[in-house]
Amino acid sequence: MSTVEFRDFTWRHAGRRDPAVTDVKLRIDHGERVLLLGASGAGKSTVLAAMAGLLAEDSGEQTGHVLVDGADARAARDHIGILFQDPQTQLVMSRCGDDVAFGLENRSVPTEAIWPRVRGALADVGFRYPLDHPTHALSGGEQQRLALAGVLAARPGLLLLDEPTANLDPDGADTIMDGLRRATADRDTTLVIVEHRVALALPLVDRVIALAPGGAILADGPPSTVFADDSLAGHGIWTPSTTMTPRRAVAIGPPALTGAGLGLRYPGAATPALADVDITLHSGTVTCVEGGNGSGKSTLAHVLGGLVAPTTGTVTLTGTTTAPHRLRAARLAARIGSVFQNPEHQFVTNSVWDELAFGPRAAKLPTMEIERRVGDLLDRLRLGRLAKANPFTLSGGEARRLSVATVLANSPDILILDEPTFGQDRRTWDELIDLLAGLRDDGAAILAVTHDPLVVEALADTRLRLDGGSAC
C-alpha cells in the first residue's frame with residue numbers, strides 16, 4: 001500500500017482561523033522517492049500527517065480526500081511509517097531495543113523475526129548503544145536515530161520522514177541517509193521526505209515537490225528541473241547551491257560568563273556527561289559548540305544557563321558572586337536566556353502573544369513596554385499572523401522562532417541557544433542569523449549549540465568541540 005492521492009484537500013487545525021493547506025491536488029505513485037520542500041509554515045508537516053492518516057476528525061476541519069491505494073489514509077495506518085519532527089513523541093518504552101520491537105509486536109510479527117529486524121534497523125541508523133540502554137539517557141540526536149529505527153523495522157509500504165537529520169551531526173546525517181538507501185533499495189517502498197539539508201537528500205530521491213504557504217505547488221518534477229528555477233530561493237526554499245555571508249564580531253568585550261573545570265554526572269550514569277570543560281563567553285561574541293550526538297553539548301548549555309548545577313567546577317556570572325543555578329528564576333531570566341533543543345518544553349500559555357508577554361509580565365514591566373516588546377518580536381520573527389495561535393499548533397520552524405523570541409522578550413545580555421536554526425527555511429534562517437548577529441554586535445554574549453555548519457560559518461567568533469563530554 002503505497003500510492004498516495006490528494007483530491008482537493010483542505011485542512012484547518014482546531015482553534016486556527018486560516019487553513020494549514022488549501023485545495024491540495026497531488027499524486028505520488030508506488031515506489032517514487034519524493035523530497036518535499038517549502039517555506040516554514042507552508043504545510044509540509046500537515047501534508048505528511050494527512051498521508052499517514054493522523055489528522056483526527058475531531059482535531060480540525062477537512063474538505064476533500066487523502067487516499068492511499070484508493071482508500072482513506074486513516075484506514076491504511078498499519079502500512080504507513082512516519083518519523084515526526086520531535087522524536088520524543090514516538091518513544092514509548094524504557095529500553096531502546098524494546099522501543100524498536102514495540103511496533104513489530106503490535107503488528108503481530110512472529111517472535112523469531114522480531115529481534116533480527118530490531119538489530120538490523122538499529123544498525124542501519126548507526127545506533128551505538130546496546131538493546132537494554134535506557135531511552136531516557138539518549139540525546140536528541142540519539143532519540144532521532146532510535147525513532148527512525150522503529151519506523152524502518154516495520155518495513156512500511158509508505159515511509160514518511162519529517163526532518164530525519166535535523167538533530168544529527170554531519171557524520172550521523174550521512175549514516176542515516178546511507179541507512180535509508182539500504183532500507184529502500186528494493187523500490188517496494190514509497191518515500192516522502194521533508195529535509196532542509198537538500199544536498200544530502202538528493203541522492204535518495206527522484207522527484208522534488210516545492211510547496212508555497214497554504215499548500216499550493218510551486219514546482220514538481222525531477223531535481224535537475226526543479227532546481228533550475230532560480231526563483232525558489234525567493235520563496236524561502238533551500239536549494240543545493242545555497243550560499244551565505246559570514247557575519248563576524250565587530251568588537252570583543254569583557255567576559256560575561258565563565259565555566260571552569262565543569263563536570264556533570266547524571267544519577268546512575270556510568271560515565272560523566274561533562275568532564276573538566278573550560279569555557280568563557282565574552283560580550284560581543286558568538287561561541288559555537290560542536291560535536292557528535294551525545295557528546296555533552298546540551299548538558300553544557302544547561303549548566304551554563306543555570307538550569308543544572310555542575311557536579312564539579314564553577315560557573316561565574318559577571319556582576320554577581322552567586323552561581324547562576326542559585327539565582328531566583330526572574331533574576332536568572334533577566335541575565336541569561338536559554339532556548340531548549342525542544343521548543344515546546346518552554347511553552348506555558350495558550351497563545352503566541354501571551355507566550356511572548358509572559359516573561360515581561362513576570363518582571364512587572366509596564367503594560368506599554370510589554371506591548372512594545374511583543375509587537376517588535378512578532379514582526380522581527382514573522383510571527384504576527386500567529387499571535388492568537390496556540391504555541392503547540394505551530395510548525396517546527398515557527399515553534400523554534402517563538403522559543404527564541406520568548407527569551408529575547410526579557411532582553412538578557414547572555415543567550416544560550418540549543419539548535420537555534422532548527423526547522424527554518426532559507427529566508428527565516430537568514431533573518432534569525434541577522435538578528436543574532438545584531439544582538440552580538442550590541443554587546444550580547446551568545447553560545448549556540450549547533451549541528452548546522454552554515455551557522456558556524458556565519459556566526460562563530462569562537463568554536464568549542466566536545467567529544468565524550470570533554471573539550472577536544
Side-chain angles (χ1 to χ4, degrees), residues 139 247-266 271-292 294-341 346 359 404 407-408 410-420 436-451 455-456 458-472:
S139 70
R247 293 110 160 135
R248 293 289 174 255
V250 175
I252 298 177
L257 187 69
T258 301
L262 296 179
L264 189 140
R265 185 190 296 268
Y266 290 110
T271 58
L274 281 182
D276 198 28
V277 175
D278 296 325
I279 184 171
T280 299
L281 306 185
H282 287 265
S283 299
T285 65
V286 174
T287 299
C288 287
V289 179
E290 303 169 89
S295 61
K297 302 183 303 298
S298 294
T299 297
L300 177 62
H302 293 162
V303 170
L304 292 174
L307 305 177
V308 178
T311 307
T312 59
T314 59
V315 180
T316 303
L317 177 60
T318 300
T320 179
T321 58
T322 305
H325 71 273
R326 296 188 182 280
L327 293 176
R328 294 174 65 89
R331 189 179 175 197
L332 177 64
R335 292 295 312 279
I336 304 175
S338 291
V339 174
F340 304 150
Q341 192 175 60
Q346 59 196 101
V404 172
V407 168
L408 299 183
N410 287 315
S411 297
D413 52 1
I414 300 168
L415 295 174
I416 310 291
L417 311 172
D418 201 343
E419 298 293 352
L436 295 177
L439 293 168
R440 184 259 320 270
D441 294 342
D442 288 338
I446 301 175
L447 179 139
V449 170
T450 184
H451 289 307
V455 172
V456 178
L459 286 179
D461 303 305
T462 304
R463 297 168 66 173
L464 173 68
R465 177 168 288 276
L466 297 181
D467 182 19
S470 300
C472 58

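Counting heavy atoms from C-beta on, the side chains of Leu464 and Val277 come closer than 4.5 Å. Put simply, the side chain of Arg465 does not reach to within 4.5 Å of the side chain of Asp467, judged on heavy atoms. Put simply, the side chain of Val407 reaches to within 4.5 Å of the side chain of Pro412, judged on heavy atoms.
Between the side chain of Gln346 and the backbone N or O of Phe340 there is at least one donor-acceptor pair closer than 3.5 Å. Glu419 contributes a side-chain N or O that, together with a main-chain N or O of His451, makes up a donor-acceptor pair within less than 3.5 Å. Side chain of Lys297 to main chain of Glu290: no donor-acceptor pair is present (N/O by atom type, distance under 3.5 Å, no hydrogens or angles). Between the side chain of Thr320 and the main chain of Leu317, no donor-acceptor pair closer than 3.5 Å is present. The backbone N or O of Val308 sits nowhere less than 3.5 Å from a side-chain atom of His302 that would complete a donor-acceptor pair. Here the side chain of Arg326 pairs no donor or acceptor atom with the backbone of Gly306 at under 3.5 angstrom.
Among pairs with a residue in residues 436-446, those fulfilling side chain to side chain donor-acceptor pair (under 3.5 Å) read Arg440-Asp461, at least two apart in sequence or across chains. Applying the salt bridge (charged side-chain N to carboxylate O under 4.0 Å, His left out) rule to pairs touching residues 327-338 yields Arg335-Asp413, sequence neighbours excluded.
Rounded to the nearest 0.5 Å, atoms OG1 (Thr314) and CG (Leu262) are 7.0 Å apart. Note that CD1 of Ile279 is 9.5 Å distant from OG1 of Thr258, once rounded to the nearest 0.5 Å. Between atom CG of residue Leu436 and atom CD1 of residue Ile446 there is a gap of 5.0 Å, rounded to the nearest 0.5 Å. Residue Leu307 holds its CG atom at 6.5 Å from CG of Leu332, rounded to the nearest 0.5 Å. In this structure, Ile336 CD1 and Leu415 CG are separated by 10.0 Å, a value rounded to the nearest 0.5 Å.
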_Using side chain to side chain contact (heavy atoms under 4.5 Å, CB included), reason through Val289 and Thr450 one step at a time and then give a plain yes or no._
CA-CA 6 Å; Val289 179; Thr450 184; over 6 Å; no
*asked:* For Thr318 and Leu257: C-alpha separation, side-chain torsions, deciding distance, then whether side chain to side chain contact (heavy atoms under 4.5 Å, CB included) applies.
replied: CA-CA 6 Å; Thr318 300; Leu257 187 69; over 6 Å; no
*CA sep, side-chain torsions, deciding dist, call: Arg463, Thr287, side chain to side chain contact (heavy atoms under 4.5 Å, CB included)*: CA-CA 6 Å; Arg463 297 168 66 173; Thr287 299; over 6 Å; no
*Begin with the C-alpha distance, continue with both residues' side-chain angles, and end with the deciding distance and a verdict on side chain to side chain contact (heavy atoms under 4.5 Å, CB included) for Leu417 and Leu447.*
CA-CA 6 Å; Leu417 311 172; Leu447 179 139; over 6 Å; no
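Between the side chains of Ser298 and Asp418, at least one donor N or O sits under 3.5 Å from an acceptor N or O. Under 3.5 Å, the side chains of Thr299 and Tyr266 contain a donor-acceptor pair of N or O atoms.
Listed here is the closest heavy atom pair of Pro420 and Ala448: CG-CB, 4.3 Å. Here the shortest heavy-atom pairing between Gly443 and Ser283 reads O-CB, 3.3 Å. Closest heavy-atom contact between Arg265 and Thr311: N-OG1, 3.1 Å. Contact detail for Pro310 and His325: the closest heavy-atom pair is CD-ND1, 4.1 Å. The two residues Leu274 and Leu300 come nearest to each other via the heavy atoms CD1-CA, 3.7 Å. The minimum heavy-atom distance linking Val339 with Val404 is given by the pair CG2-CA, 3.9 Å.
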